[in-house]
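Everything on this sheet refers to the single structure shown next.
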Amino acid sequence: MSEKLSKRIIEIAKAKSMNRTRRLRKSEGIRRLVRENQLTIDDFIYPLFVEEGKNIEKEIVSMPGIKRYSLDKIDKELDEVVALNLPAVLLFGIPSEKDEVGSETWNDNGVIQQAIRHIKTKYPSLYVITDVCFCEYTSHGHCGIIHENDVHNDDTLVNIAKQVVSHAKAGVDMVAPSGMMDGTIATIREALDHTGYGDLPIMGYSVKYASAFYGPFRDAADSSPSFGDRNTYQMDPANRDEGMREATFDDEEGADILMVKPALSYLDIIRDLKNTYDRPIACYNVSGEYAMVKAAAEKGWIDGERVMMESLLSMKRAGADIIITYFAKEVAKVLSRN
Ligand code: PBG
């Protein structure tokens, strides 16, 4: 390159000295001052798998560090969650008996109802949210009642109402319906308001995609569909405008919190919701997203802790006020170290 060109480059650069963004990156002090987003322990919800039975503490192979517990074994996990000052858990139940309609979901003495009572009695400060669905409870693994090879929307709604009232009676703090039936939020609001639980909030899995990222979860929760897929009720990953429609319905029906799921491949949707709705926005950093980080870190291909922090931060930056993640305990440890 000619001497002349080098000089010209320097001249142009100097002329632009008002646009030097690196000035505010020079030291950790200034980087801290101008940092736009921070993760805090208060952002996180930790999912827990509770299996009916005794003496169960089963590692989930595709989700290293995550286990299924029976209630007699779960206290050491709950002790840790409370000691780390995590605000909330999201419960998934794995019943010992499944049937065509998932009737265990509204058994007042079912695995989830027992888990709610146990946690609220022994760990009253922990905020307990339940996933409201049927796929772990039905013999066919779909999220509702089957009519002619598909999940029947309105008949499923009736059972959702029974399920949430049963969770409410057991003392749950918030319910989170994940089945993607139309009219779910209106149904639940009506059911709760008419049974004396008008104060109980609803977190809608408002924009939930039919995603391959749920793979490890379905092992964890025994909830794979035995035929077909969930494409007739969960959303097409190609669709963005439809996500707004889903969220609008949930907003109008009175969902207190709107959720996007999965998180990482749907950061655009998180931002859409944040910009549009005057409600807290949650996202679900799902099992496959967790498994990918764990697997690559195990191979030594990435720094697992840094990738965890960076991807959770990206969800926050996209607009999530609340992040549901299997990393919650790990991230709490990192945050309390800093
Ligand atoms: C449905 C439900 C699923 C997840 C949360 N609730 C699975 C599904 O829709 O098939 C997935 C969570 C994850 O992958 O971590 N009850």
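Order of appearance sets the numbers: ligands from 1, and atoms from 1 within every ligand. When reading the values below, keep in mind they use all heavy atoms of this one structure, side chains included, and skip hydrogens, waters and symmetry mates.
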Among Lys98, Glu100, Glu97, whose side-chain hydrogen bond (donor to acceptor under 3.5 Å, both in side chains) with Ser139 holds?
Glu100

Name each N or O atom in ligand 1 that is under 3.5 Å from a protein N or O, and give the partner atom and the distance.
from	atom 1	to	atom 2	distance (Å)
ligand 1	6 (N)	Asp131	OD1	3.3
ligand 1	6 (N)	Lys261	NZ	3.2
ligand 1	9 (O)	Lys208	NZ	2.7
ligand 1	9 (O)	Gln234	NE2	2.8
ligand 1	10 (O)	Arg218	NE	2.7
ligand 1	10 (O)	Arg218	NH2	2.7
ligand 1	10 (O)	Arg230	NE	2.9
ligand 1	10 (O)	Arg230	NH2	3.3
ligand 1	14 (O)	Ser287	N	3.3
ligand 1	14 (O)	Ser287	OG	2.7
ligand 1	15 (O)	Ser287	N	2.8
ligand 1	15 (O)	Tyr326	OH	2.6
ligand 1	16 (N)	Asp131	OD2	3.2
ligand 1	16 (N)	Glu136	OE2	3.2
ligand 1	16 (N)	Ser178	OG	3.3

Less than 3.5 Å apart, which donor and acceptor atoms pair up between the side chains of residues 266-274 and the rest of the protein, not counting sequence neighbours?
from	atom 1	to	atom 2	distance (Å)
Arg271	NE	Ala318	O	2.9
Arg271	NH1	Asn275	OD1	3.0
Arg271	NH2	Arg317	O	3.1
Arg271	NH2	Ala318	O	3.4
Asp272	OD1	Arg240	NH2	2.8
Asp272	OD2	Arg240	NE	2.7
Lys274	NZ	Asp321	OD1	3.0
Lys274	NZ	Asp321	OD2	3.2

Ser17: side-chain hydrogen bond (donor to acceptor under 3.5 Å, both in side chains) partners, not counting sequence neighbours
none

Phe49 meets the ring-ring contact (aromatic ring centres under 6.0 Å, His included) criterion, sequence neighbours left out, with Phe92, Phe217

Would you name the heavy atoms of Asp72 and Ile56 that are closest together and state the gap between them?
OD1-N, 4.5 Å

Side-chain heavy-atom pair Asp43, Ile322 within 4.5 angstrom cut-off
no

